[in-house]
Amino acid sequence: MENDEAVEKLRGWFSGRLPEEWFEGGVDIVLDREEIAVVGRLRPPALGDDVSEVERSAAMEGGILRFREESRERRVEIALEAEHRFRRKVSWGVAVGDETVMFTTLSVPVMTRLKQSERQVLDTLVAAGVARSRSDALAWCVRLVGNHTDTWLADLRDALQHVDRVRAAGPGMNS
(Lines give C-alpha, C1' and ligand atoms only; values in the text may rest on other atoms or scores of the structure.)
Protein backbone atom coordinates (compact mmCIF):
# COMPACT_ATOMS: atom_id res chain seq x y z
CA MET A 1 0.00 0.00 0.00
CA GLU A 2 1.34 3.41 -0.94
CA ASN A 3 2.26 5.64 2.03
CA ASP A 4 -0.39 8.31 1.24
CA GLU A 5 -3.07 5.65 1.06
CA ALA A 6 -1.84 4.04 4.30
CA VAL A 7 -1.92 7.41 6.08
CA GLU A 8 -5.46 8.08 4.81
CA LYS A 9 -6.58 4.65 6.02
CA LEU A 10 -5.01 5.25 9.43
CA ARG A 11 -6.45 8.77 9.70
CA GLY A 12 -9.90 7.38 8.93
CA TRP A 13 -9.55 4.53 11.39
CA PHE A 14 -8.38 6.81 14.21
CA SER A 15 -11.08 9.38 13.39
CA GLY A 16 -13.65 6.64 13.84
CA ARG A 17 -12.17 5.52 17.18
CA LEU A 18 -11.33 8.85 18.85
CA PRO A 19 -13.93 10.71 20.91
CA GLU A 20 -15.15 13.70 18.87
CA GLU A 21 -14.65 16.14 21.74
CA TRP A 22 -10.92 15.47 22.02
CA PHE A 23 -9.60 17.46 19.06
CA GLU A 24 -10.41 20.32 16.71
CA GLY A 25 -10.69 18.73 13.29
CA GLY A 26 -8.97 15.55 12.22
CA VAL A 27 -5.70 14.14 13.45
CA ASP A 28 -2.33 14.26 11.71
CA ILE A 29 -0.72 10.87 11.14
CA VAL A 30 3.02 10.39 10.71
CA LEU A 31 3.91 6.87 9.63
CA ASP A 32 7.15 4.95 9.30
CA ARG A 33 8.08 1.25 9.36
CA GLU A 34 7.89 0.97 13.16
CA GLU A 35 5.56 3.68 14.44
CA ILE A 36 2.27 5.49 13.93
CA ALA A 37 2.34 8.97 15.46
CA VAL A 38 -1.11 10.46 16.09
CA VAL A 39 -1.21 14.23 16.70
CA GLY A 40 -4.48 16.04 17.43
CA ARG A 41 -5.07 19.77 17.68
CA LEU A 42 -6.41 20.95 21.07
CA ARG A 43 -8.55 24.03 21.42
CA PRO A 44 -6.44 26.87 22.79
CA PRO A 45 -7.39 28.06 26.28
CA ALA A 46 -10.07 30.75 26.32
CA LEU A 47 -8.16 33.77 27.60
CA GLY A 48 -8.66 37.47 27.11
CA ASP A 49 -6.54 39.67 24.87
CA ASP A 50 -4.92 41.35 27.89
CA VAL A 51 -3.23 38.13 29.07
CA SER A 52 0.58 38.09 29.01
CA GLU A 53 2.54 35.60 26.88
CA VAL A 54 3.80 33.96 30.07
CA GLU A 55 0.24 33.36 31.31
CA ARG A 56 -0.92 32.19 27.85
CA SER A 57 2.00 29.75 27.63
CA ALA A 58 1.33 28.42 31.15
CA ALA A 59 -2.37 27.97 30.34
CA MET A 60 -1.50 26.00 27.19
CA GLU A 61 0.92 23.81 29.14
CA GLY A 62 -1.72 23.19 31.81
CA GLY A 63 -4.31 22.30 29.19
CA ILE A 64 -1.92 19.85 27.53
CA LEU A 65 -1.16 18.16 30.86
CA ARG A 66 -4.86 18.00 31.76
CA PHE A 67 -5.69 16.41 28.39
CA ARG A 68 -2.84 13.93 28.74
CA GLU A 69 -4.00 12.77 32.18
CA GLU A 70 -7.73 12.73 31.41
CA SER A 71 -7.34 10.84 28.11
CA ARG A 72 -4.59 8.40 29.14
CA GLU A 73 -6.74 5.32 29.77
CA ARG A 74 -8.71 5.68 26.53
CA ARG A 75 -5.57 6.49 24.49
CA VAL A 76 -3.92 3.30 25.78
CA GLU A 77 -6.98 1.23 24.79
CA ILE A 78 -7.06 2.73 21.30
CA ALA A 79 -3.28 2.31 20.90
CA LEU A 80 -3.40 -1.37 21.89
CA GLU A 81 -6.18 -2.00 19.38
CA ALA A 82 -4.28 -0.13 16.63
CA GLU A 83 -0.98 -1.87 17.44
CA HIS A 84 -2.68 -5.26 17.11
CA ARG A 85 -4.44 -4.28 13.89
CA PHE A 86 -1.64 -2.38 12.10
CA ARG A 87 1.43 -4.13 13.60
CA ARG A 88 3.14 -0.86 14.58
CA LYS A 89 3.56 0.97 17.87
CA VAL A 90 1.38 4.05 18.40
CA SER A 91 2.66 7.31 19.85
CA TRP A 92 0.52 10.28 20.81
CA GLY A 93 0.92 14.03 20.70
CA VAL A 94 -1.05 17.25 20.62
CA ALA A 95 -0.71 20.61 18.94
CA VAL A 96 -1.86 23.87 20.49
CA GLY A 97 -1.11 27.11 18.69
CA ASP A 98 2.36 26.75 17.17
CA GLU A 99 3.51 24.15 19.68
CA THR A 100 3.45 20.37 19.23
CA VAL A 101 4.09 18.13 22.23
CA MET A 102 4.61 14.38 21.88
CA PHE A 103 3.54 12.33 24.90
CA THR A 104 5.17 9.11 23.80
CA THR A 105 7.63 8.26 21.07
CA LEU A 106 9.39 5.12 20.04
CA SER A 107 13.19 5.02 20.07
CA VAL A 108 14.47 2.46 17.59
CA PRO A 109 18.10 1.29 17.54
CA VAL A 110 19.88 1.83 14.24
CA MET A 111 23.20 0.23 13.38
CA THR A 112 25.75 2.02 11.21
CA ARG A 113 29.40 1.78 10.22
CA LEU A 114 31.47 4.92 10.57
CA LYS A 115 34.96 5.80 9.42
CA GLN A 116 37.46 7.12 11.94
CA SER A 117 36.92 10.76 10.95
CA GLU A 118 33.17 10.32 11.46
CA ARG A 119 33.68 8.64 14.84
CA GLN A 120 35.91 11.56 15.84
CA VAL A 121 33.00 13.94 15.22
CA LEU A 122 30.88 11.93 17.62
CA ASP A 123 33.71 11.68 20.16
CA THR A 124 34.18 15.47 20.03
CA LEU A 125 30.49 16.00 20.80
CA VAL A 126 30.79 13.59 23.75
CA ALA A 127 33.99 15.25 25.04
CA ALA A 128 32.34 18.69 24.78
CA GLY A 129 29.37 17.52 26.83
CA VAL A 130 26.91 17.98 23.96
CA ALA A 131 26.06 14.27 24.18
CA ARG A 132 26.54 11.52 26.77
CA SER A 133 27.54 8.84 24.29
CA ARG A 134 28.26 8.22 20.64
CA SER A 135 24.66 7.07 20.26
CA ASP A 136 23.36 10.35 21.74
CA ALA A 137 25.81 12.31 19.58
CA LEU A 138 24.58 10.58 16.42
CA ALA A 139 20.94 11.26 17.37
CA TRP A 140 21.89 14.92 17.99
CA CYS A 141 23.46 15.11 14.50
CA VAL A 142 20.35 13.61 12.89
CA ARG A 143 18.10 16.14 14.70
CA LEU A 144 20.40 19.00 13.65
CA VAL A 145 20.30 17.95 10.00
CA GLY A 146 16.52 17.45 10.20
CA ASN A 147 15.99 20.91 11.69
CA HIS A 148 18.05 22.63 9.04
CA THR A 149 16.89 20.75 5.97
CA ASP A 150 13.11 20.47 6.41
CA THR A 151 12.41 21.80 2.92
CA TRP A 152 14.98 19.55 1.28
CA LEU A 153 13.71 16.46 3.13
CA ALA A 154 10.09 17.33 2.24
CA ASP A 155 11.07 17.63 -1.45
CA LEU A 156 12.87 14.28 -1.23
CA ARG A 157 9.85 12.59 0.36
CA ASP A 158 7.59 14.04 -2.37
CA ALA A 159 9.96 12.67 -5.02
CA LEU A 160 9.92 9.23 -3.39
CA GLN A 161 6.11 9.23 -3.36
CA HIS A 162 6.17 10.06 -7.08
CA VAL A 163 8.54 7.11 -7.67
CA ASP A 164 6.13 4.85 -5.74
CA ARG A 165 3.19 6.01 -7.90
CA VAL A 166 5.12 5.45 -11.14
CA ARG A 167 6.33 2.04 -9.95
CA ALA A 168 2.75 1.01 -9.00
CA ALA A 169 1.44 2.10 -12.42
CA GLY A 170 4.07 0.03 -14.27
CA PRO A 171 3.97 -3.62 -15.24
CA GLY A 172 4.18 -6.19 -12.46
CA MET A 173 7.52 -7.79 -11.66
CA ASN A 174 6.12 -11.31 -12.17
CA SER A 175 4.76 -10.66 -15.68
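Note: hydrogens, waters and symmetry copies are ignored here, and every other heavy atom, side chains too, is used. In this text the structure is predicted, and so the values were computed from the model without any measurement.
Atom-to-atom distance recorded for Asp4:CG and Lys9:NZ is 15.0 Å, nearest 0.5 angstrom. Atom CD1 of Ile64 is separated from atom OG1 of Thr100 by 8.5 Å, given to the nearest 0.5 angstrom. In this structure, Leu31 CG and Glu8 CD are separated by 12.0 Å, a value rounded to the nearest 0.5 Å. Of the inter-residue distances, the one linking Met60 atom CE with Glu99 atom CD reads 5.0 Å to the nearest 0.5 angstrom. Atom NZ of residue Lys89 and atom CG of residue Leu80 lie 7.5 Å apart, to the nearest 0.5 angstrom.
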Got a list of side-chain donor-acceptor pairs under 3.5 Å for residues 127-134, not counting sequence neighbours?
residue : atom : partner : partner atom : Å
Arg132  : NE   : Asp136  : OD2          : 2.9
Arg132  : NH2  : Asp136  : OD2          : 3.0
Ser133  : OG   : Ser135  : N            : 3.4
Ser133  : OG   : Asp136  : N            : 3.1
Arg134  : NE   : Asp123  : OD1          : 2.7
Arg134  : NH2  : Asp123  : OD1          : 3.4
Arg134  : NH2  : Asp123  : OD2          : 3.0

Distance-only donor-acceptor pairs under 3.5 Å for side chains of residues 32-47, two or more places apart:
residue : atom : partner : partner atom : Å
Asp32   : OD1  : Glu34   : N            : 2.9
Asp32   : OD1  : Glu35   : N            : 2.7
Glu35   : OE2  : Ser91   : OG           : 2.8
Glu35   : OE2  : Leu106  : N            : 3.0
Arg41   : NH1  : Gly97   : O            : 3.0
Arg43   : NH1  : Glu21   : O            : 3.4

Table please: side-chain donor-acceptor pairs of residues 66-79 below 3.5 Å, with sequence neighbours left out.
residue : atom : partner : partner atom : Å
Arg68   : NH2  : Phe103  : O            : 3.2
Glu69   : OE1  : Arg72   : NH1          : 2.7
Glu69   : OE2  : Arg72   : NH1          : 3.1
Glu69   : OE2  : Arg72   : NH2          : 3.4
Ser71   : OG   : Phe67   : O            : 2.6
Ser71   : OG   : Arg75   : NE           : 2.8
Arg74   : NH1  : Glu77   : OE1          : 2.9
Arg75   : NH2  : Arg68   : O            : 3.0

Contacts table for residues 112-121: side-chain donor-acceptor under 3.5 angstrom, sequence neighbours left out:
residue : atom : partner : partner atom : Å
Glu118  : OE1  : Lys115  : N            : 2.7
Arg119  : NH1  : Leu114  : O            : 2.8

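Residue pairs satisfying the ring-ring contact (aromatic ring centres under 6.0 Å, His included) criterion with at least one member in residues 112-131, sequence neighbours excluded, are absent.
Residue Val27 is grouped with residue Trp22 when hydrophobic side chains (ILVMFWY) are merged at heavy-atom distances under 4.5 angstrom, including chains of intermediate members. Criterion: ILVMFWY side-chain heavy atoms under 4.5 Å apart, direct or through other members. Under it, Leu125 and Leu144 are part of a common hydrophobic cluster.
Taking Arg143 as the reference, nothing meets the salt bridge (Lys or Arg N to Asp or Glu O under 4.0 Å) condition, with sequence neighbours excluded.
No more than 12 heavy atoms of other residues, nucleotides or ligands sit less than 6.0 Å from atom CD of Glu61.
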